[in-house]
Participant: 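Just dropping this structure here.
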Amino acid sequence: MAFIVKRPSSLEKLKILGKVAKFDVSGFPSIFAKKGKKFQRFKFIYPAVGKKGRCVRLFKVLQNNACDGNCFYCANRKDRDFERVSFSPQELARLFIQYYERGVVDGLFLSSAIYESADRSEEKMLTTLHLLRYKYGYRGYVHYKILPGTSESLIEEAFRLADRLSINMEAPSAKYLTKLSPTKDFSSQLLSGLGKIAQLNREKSLRAGITTQLVIGAAKETDREILSFSSKLYQEYKLHRVYYSAFMPIIGTPLEGVPPCPPLREFRLYQADFLLRKYGFIPQELPFDEDGNLPQEYDPKLGWALRNPDRFPIEINKADFEELIRVPGIGRISARRIVEGRRKGKFKKLEELRATGVVISRARNFITLDGRFYPALEEEEKGKPYKQLFFWEEI
Ligand code: SF4
């Protein structure tokens, strides 16, 4: 008996390959998932934060979801039973351009599972990118994924065509990667791929830099190990961003019984990461507990301040910029405004300080203003949960 197999249409493929692309993080921490959903009219459009906090809509898709890899956490793993589909380069380029020209999306995020070999899969993605750049004249944003084991010549080609390159490191060391994947090699595939991109980036900067992603909570790694690794990536490989992806168990994978990572943990990692990149902190200064994890009940900057009472209070009219940005409730923008404002005269009232953007309720226990201390009244603070800050920044 003959079976008639219906081939999925391009739109049906887009639904499948756009949905699985969500596992590659490039936008909001998952604690803001609801905020993200507001922007997500279609399953393949994902919000990211662009320049000056503007929300940009990424057409985020896999070229193909058939994989020879068997990562324990992944929806696309070889041994998982689900529908496999693939775009031809022509089909995907045409589809993206249609959405772009209709003003539905602002940029492309292109990745793929690994079928036959990393190079074979990259060649298909690169053909898509070639078509976009040269046939359709697309000059917009492309975030392009380098797959583990891709050869150097293909990385060079991707570097020429994309605005941002990323390669997912997945774990902070080889020891933890083996708990996540039997097929990826930490050093010969991941670190060496990242090293090649970083070398090209040193010669001529990628417009939107290099990023990576770490899966959080599936391999029992600590926050200290994660953030020490991120710090190394920022220092040695000049990464633009490390994205943290809170582990979510997927039915039909070997890790389906492992509890999900709380979104708050992922969020605290983003906050600590921000302190490393923009506030001059080093991993050793972060307020890890005895298990090597960040406190969940307050943000890491407040945690650091509480552990270093000898550094406070600081006098707003005398402290330098670096001291100011270490005060809870004072960010880089308000610190800059304070330094500029002092040229015109002293700050004497809390109201004047508030006008610079300082969150007075958070800062007041750590500062003096013209020699005066304004501690929060105990009743004011009672039962007040520590406000969670989110640092908006570009993709
Ligand atoms: S290589 Fe691993 S993580 Fe990547 S798609 Fe295949 S199974 Fe998933």
Side-chain angles (χ1 to χ4, degrees), residues 13-26 30 43-44 46 60-87 92 109-126 128 143-151 154-155 158 165-194 197 211-219 221 226 242-258 260-261 266:
K13 289 185 195 175
L14 191 52
K15 276 187 198 154
I16 297 166
L17 293 169
K19 200 170 162 200
V20 283
K22 75 177 174 195
F23 297 109
D24 265 311
V25 183
S26 62
S30 51
K43 286 282 178 235
F44 49 90
Y46 292 84
K60 197 163 156 190
V61 72
L62 303 189
Q63 184 91 42
N64 156 51
N65 68 358
C67 197
D68 289 333
N70 230 349
C71 302
F72 302 131
Y73 58 90
C74 180
N76 300 321
R77 70 191 307 269
K78 187 164 117 188
D79 291 349
R80 187 161 174 263
D81 185 19
F82 77 110
E83 191 175 8
R84 310 284 173 168
V85 285
S86 164
F87 278 121
L92 183 53
F109 180 113
L110 183 57
S111 184
S112 178
I114 303 176
Y115 190 59
E116 292 176 356
S117 71
D119 278 1
R120 184 75 199 90
S121 305
E122 288 287 354
E123 278 161 6
K124 237 174 141 184
M125 289 161 69
L126 280 170
T128 305
H143 178 160
Y144 184 92
K145 193 65 70 179
I146 297 294
L147 305 172
T150 300
S151 63
L154 295 182
I155 296 178
L165 292 185
S166 59
I167 179 165
N168 290 352
M169 294 303 301
E170 315 294 15
S173 69
K175 173 178 100 176
Y176 292 115
L177 186 66
T178 57
K179 296 185 183 179
L180 299 177
S181 172
T183 42
K184 287 179 180 167
D185 186 276
F186 191 77
S187 187
S188 71
Q189 293 184 330
L190 304 185
L191 263 190
S192 73
L194 188 63
I197 305 170
T211 64
T212 191
Q213 170 177 295
L214 300 175
V215 178
I216 307 302
E221 70 296 311
I226 291 166
V242 175
Y243 289 105
Y244 303 99
S245 176
F247 168 73
M248 279 297 297
I250 294 172
I251 305 288
T253 64
L255 300 186
E256 67 179 7
V258 173
C261 169
E266 179 198 87

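All ligand and atom numbering here is 1-based and tracks the order in the structure.
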Participant: Any side-chain to backbone donor/acceptor pair from R80 onto I251? Under 3.5 Å, distance only.
Facilitator: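 Yes.
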
Participant: Which part of E170 is near ligand 1, with near meaning a heavy atom under 4.0 Å away: side chain, backbone, both or neither?
Facilitator: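 The answer is neither.
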
Participant: When you check the side-chain N and O atoms of Q63 and T128, is any donor under 3.5 Å from an acceptor?
Facilitator: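 A pair is found: one side chain offers a donor N or O, the other an acceptor, under 3.5 Å apart.
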
Participant: Keeping the roles fixed (side chain from N168, backbone from E170), state whether a donor-acceptor pair exists under 3.5 Å.
Facilitator: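 Absent.
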
Participant: Could you count the protein N, O or S atoms found under 2.8 Å away from atom 8 (Fe) of ligand 1?
Facilitator: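 Considering protein N, O and S only, atom 8 (Fe) of ligand 1 has 1 within range.
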
Participant: Can you pull out the closest protein heavy atom to atom 3 (S) of ligand 1? Residue, atom name and distance to 0.1 Å, please.
Facilitator: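 Nearest neighbour among protein heavy atoms for atom 3 (S) of ligand 1, to 0.1 Å: K184 NZ, 3.3 Å.
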
Participant: Between the side chain of R84 and the main-chain N/O of N76, is any donor-acceptor distance below 3.5 Å?
Facilitator: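 Answer holds: yes.
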
Participant: Sort and list the pairs that fulfil salt bridge (Lys or Arg N to Asp or Glu O under 4.0 Å) and have at least one residue in residues 113-124, not counting sequence neighbours.
Facilitator: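 As it turns out, the salt bridge (Lys or Arg N to Asp or Glu O under 4.0 Å) pairs with a partner in residues 113-124, which skip direct neighbours, are E116-R120, R120-E123.
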
Participant: As an exercise, state the distance from CG of L214 to OH of Y243, rounded to the nearest 0.5 Å.
Facilitator: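 The CG atom of L214 sits 12.5 Å away from the OH atom of Y243.
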
Participant: Is there a donor-acceptor pair closer than 3.5 Å between any side-chain N or O of T178 and the backbone N or O of K175?
Facilitator: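 It does hold such a pair.
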
